[in-house]
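First comes the structure, then the notes that go with it.
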Number of protein chains: 4
Amino acid sequence: MRNGVKWRRLPEERPQQILEAAFEVFGEHGLAGARLEDIARRAGVAKGTIYLYFPNKEALFKEMIRQTVIAHLERSERDFVADRGASATDQLRDYMRGLWSLTRSPAYQVVMRLVIAELQRFPELMAFYWDEVVSRKRQFLDRLFRRGIEAGEFRPIDPHVAGRMMASMFAMHALWVSSGVCAPTPPTTDEELFEQLTDFFFHAVAPVGAIAPGSA
Amino acid sequence: MRNGVKWRRLPEERPQQILEAAFEVFGEHGLAGARLEDIARRAGVAKGTIYLYFPNKEALFKEMIRQTVIAHLERSERDFVADRGASATDQLRDYMRGLWSLTRSPAYQVVMRLVIAELQRFPELMAFYWDEVVSRKRQFLDRLFRRGIEAGEFRPIDPHVAGRMMASMFAMHALWVSSGVCAPTPPTTDEELFEQLTDFFFHAVAPVGAIAPGSA
Amino acid sequence: MRNGVKWRRLPEERPQQILEAAFEVFGEHGLAGARLEDIARRAGVAKGTIYLYFPNKEALFKEMIRQTVIAHLERSERDFVADRGASATDQLRDYMRGLWSLTRSPAYQVVMRLVIAELQRFPELMAFYWDEVVSRKRQFLDRLFRRGIEAGEFRPIDPHVAGRMMASMFAMHALWVSSGVCAPTPPTTDEELFEQLTDFFFHAVAPVGAIAPGSA
Amino acid sequence: MRNGVKWRRLPEERPQQILEAAFEVFGEHGLAGARLEDIARRAGVAKGTIYLYFPNKEALFKEMIRQTVIAHLERSERDFVADRGASATDQLRDYMRGLWSLTRSPAYQVVMRLVIAELQRFPELMAFYWDEVVSRKRQFLDRLFRRGIEAGEFRPIDPHVAGRMMASMFAMHALWVSSGVCAPTPPTTDEELFEQLTDFFFHAVAPVGAIAPGSA
DNA sequence: TATGAATGAGCGTTCATTCAT
DNA sequence: TATGAATGAACGCTCATTCAT
């Protein structure tokens, strides 16, 4: 049959194919240092082909952000609504688990590093990230923490502050894990790292005088 | 006549002069974005002069790391020895205050960002950083936390974990403050940010059932 | 079923269809600035289809010249023969009116501009243009002016010169009108512009001492 | 002496050197078609060197306009003031002579062609040309013609119109001379062409009933 | 030692042209 | 005959590095 004749990759796969190459090359050389030529070669296409699917270099990175951080955020928001019945503590622990599994994915680690390291120099990307990620995430966590505080599950901490602390701990661990700073010396397992993070956090937000609700 | 010329900077000062300019320019434009021309102009020398003292752009970056991060670590260690008489809680609070003032210095923010962004690509530098900074800092915090745990000031948390959490929170805030992610929405003062960090941390390490020792 | 498809344009119309689109796009973006993609889209065909009918971009341009400038010249010659009975002054005024309405047509403005801008670089086209347009038009005007001079309607000016002056004024106004240089400052109407041109020209060729014959 | 050792071109000549190359290349390939690389090679410098003296391609063209059209305009304005004693007719004839000698210079012909052909596509250049040339020239000619009309040397024609007609005739002749449209067939000398232009123009603006004042 | 004019490889991006379908 | 995804050479512009002075 005519079928077997050509086995090139299907056109529908092209954007994902390019994106995956971009993930790798951005990860290795940074946002500014990555060369479109390398991304193209790694994706197995010509330089011009990239521009059939993405208007420019920044758009590639935007899409990377969408597929990792924003996708996760949307999942979290859906879960939050679906899990309305659960306690804030349980909801938070679920959220943290999702965040942690994201944290361990190379794609997210790359994105985080680039966001921290280079986003400043790309004002349009910075604005995008701020609107689509930072403020949205903040809203989400606000609602979560407020619920827990009102239910007496957490001490009356400023929800913004709680959110910022959690984000800082997870983000930094993403960076450390990816750059090997975390792993080497204490041969801690991923699961142990997660336990340490949640345990620490739940102690920090536990009602004063109570047993930390998250550690059981 | 020729005498008035004495007022130029001495040739021996040249490297430091260049390094200071590099600091500023790297801080403003990042490693890749910094232009040798700008550094030269800011240092008051010609572009070619830089190459008399540093073989290339990278070398400038390496020297920057040495002069900032290591220098700070040595200061911390000296202070720790000098404060031996105080409680672990007080010592920790003092250390945090020092760390926070460092965190707010542009120099540290620059180095943190560049370390996160670029260190991976220089394995030799990464090793250097690991030995001279990461493990040394870890030892230092270990001793501090162990003291506090033994005295019952802190709950029996793994000292490594406590150190890692603290470092992650402060490091991330350094990055956020410098890139404006922290500041905008809640018009929080620097001092308030510091209070939030210490309050959060002391709650997390407080002996269970006790009032958080750090919050007063 | 398959029947409704009959409503597509016929294949025989394809070249004209493409040419019309080329006209518009060349007019808007110039020869170098026009993108084949735009022409294809505007013609309602795919990019590749253009290459079935024209070997390259240049060929499109050549064909455009043929369809506009030559076509007009032939119309002028026919009208001249048909109007044999009128005075030279009337014939000239009629010709000028026709020239002016041509001058205002976007197609002519486009061709004029492209001829000025690009013809030099295609010697073969330049020769073609010279033979088929320039010298033919000159002959035509020569006859017209000679008639007027012999009849005492115009002063004894060199007919070549009169023709050249007229052509220069109209051509330049075509270019100016199309590029907006003429319009802005004095909000002159098209009709006024035409009056100014003819009035000026008839004064210039009026018998010395006489009232300019064209202004009434 | 050390003098004879190196005879490279002096740095002070560089801008003019580049500009002359640009003149040639723009003339041959147009504004959009000219390649910086060609200009550099023709000037005997490297591509980057151009950018030491001109911020971009457009600036090269701006400077070309300045050295030809604007320089001439400024000369004309100075002469106008210096010649206050002369009749408007004499002043105009002097101006025309200057304009005609400009018209014959290859540089001016190139500039005119590019202005006509391509300026539309470079809006910033168009604005520059409009402000620095078109409106300034218009003012200048307005004053000149108004003087002549008030003194009864010219018929009461709208000064704007007279200026526009003159400009159109000279401009078009510049384009024709440069592209060979004017020259070939009637082997007219440059001087004769000039006489034809002035004679035609002075007849057109002569007081009705009078002998054309410019023709002698 | 110090200069800064000069270099040219390299970048992101565009688009005329090709060719498998 | 018609498509449009894919190509890749070419462009304007930048800037780390060199080198004659």
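If you're wondering where the values come from, they're calculated on a predicted model, not measured in any experiment. In what follows, chains carry the letters A, B, and so on, assigned in the order in which the sequence lines appear, proteins first and then strands, with residues in each chain numbered from 1. Basis for what follows: all heavy atoms, side chains included, without hydrogens, waters or symmetry-related copies.
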So if I take every side-chain heavy atom of [X] and compare against [options], which nucleotide ends up nearest?
{"X": "K57(B)", "options": "dG4(E), dC11(E), dA16(F)", "answer": "dA16(F)"}
{"X": "A46(C)", "options": "dA16(E), dG12(F), dT3(F)", "answer": "dT3(F)"}
{"X": "Y53(D)", "options": "dT7(F), dT14(E), dA5(E)", "answer": "dA5(E)"}

Provide, to the nearest angstrom, the distance between the [atom1] atom belonging to [X] and the [atom2] atom belonging to [N].
{"X": "F54(C)", "N": "dA16(E)", "atom1": "CZ", "atom2": "C1'", "result": "16 Å"}
{"X": "E13(C)", "N": "dA2(F)", "atom1": "CD", "atom2": "P", "result": "11 Å"}
{"X": "D38(D)", "N": "dA10(F)", "atom1": "CG", "atom2": "P", "result": "12 Å"}
{"X": "I50(B)", "N": "dT17(F)", "atom1": "CD1", "atom2": "P", "result": "10 Å"}
{"X": "R14(A)", "N": "dG4(F)", "atom1": "CZ", "atom2": "P", "result": "16 Å"}
{"X": "L60(A)", "N": "dG12(E)", "atom1": "CG", "atom2": "C1'", "result": "12 Å"}
{"X": "Y51(A)", "N": "dG8(F)", "atom1": "OH", "atom2": "P", "result": "16 Å"}
{"X": "L36(D)", "N": "dG8(E)", "atom1": "CG", "atom2": "C1'", "result": "14 Å"}

Query raised in the report: V110(D) and M64(D): side-chain contact (heavy atoms from CB on, under 4.5 Å), yes or no, with the steps?
Result: CA-CA 9 Å; V110(D) 167; M64(D) 280 178 58; 3.9 Å; yes
Query raised in the report: Quick one: does Q16(C)'s side chain get under 4.5 Å of L19(C)'s, heavy atoms only?
Result: yes
Query raised in the report: Hey, does A40(A) reach any base, or is it just sugar-phosphate, or nothing, if we go heavy atoms under 4.0 Å?
Result: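 No contact.
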Query - Sugar-phosphate, base or nothing in reach of A34(D), heavy atoms under 4.0 Å - result: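 A34(D): backbone/sugar contact only, no base atoms under 4.0 Å.
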**Report entry** Residues in side chain to side chain donor-acceptor pair (under 3.5 Å) contact with R66(D), at least two apart in sequence or another chain
**Finding:**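 Listed in chain order: E63(D).
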Report summary line: Sorted by position of nearest nucleotide on DNA chain E, 5' first, the leading residue of T49(D) and N56(A) is T49(D)
**Report entry** Upstream residue (5' side of DNA chain E) when E37(C) and V45(B) are each assigned their closest nucleotide
**Finding:**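 Result: V45(B).
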Sequence neighbours excluded, which residues qualify as side-chain contact (heavy atoms from CB on, under 4.5 Å) partners of [X]?
{"X": "A22(C)", "value": "F26(C), I39(C), L60(C)"}
{"X": "R41(A)", "value": "E37(A), D38(A)"}
{"X": "T68(A)", "value": "F23(A), A107(A), V111(A)"}
{"X": "E58(D)", "value": "N56(D), F122(D), E124(D), L125(D)"}

Requested in this report: Measure distances between side-chain N and O atoms of K47(B) and base N and O atoms of dT3(E), and say whether any donor-acceptor pair falls under 3.5 Å.
Outcome: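 In this structure, the two groups form no donor-acceptor pair.
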Query - Q17(C) (side chain) donor-acceptor with G44(C) (main chain) under 3.5 angstrom - result: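 Side chain of Q17(C) to backbone of G44(C): no pair is present.
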Query raised in the report: Mapping L52(C) and G33(D) to their closest nucleotides on DNA chain F, which lands nearer the 5' end?
Result: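 Final value for this comparison: L52(C).
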Requested in this report: On DNA chain F, check which nucleotide each of G44(C) and P55(D) is closest to and give me the residue with the more 5' one.
Outcome: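 Upstream on the strand: G44(C).
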Query raised in the report: Using Watson-Crick pairs (N1 to N3, plus N6-O4 or O6-N4) and G-U wobble pairs, both distances under 3.5 Å, which stems of at least 3 pairs involve DNA chain F?
Result: E:2-21 with F:2-21
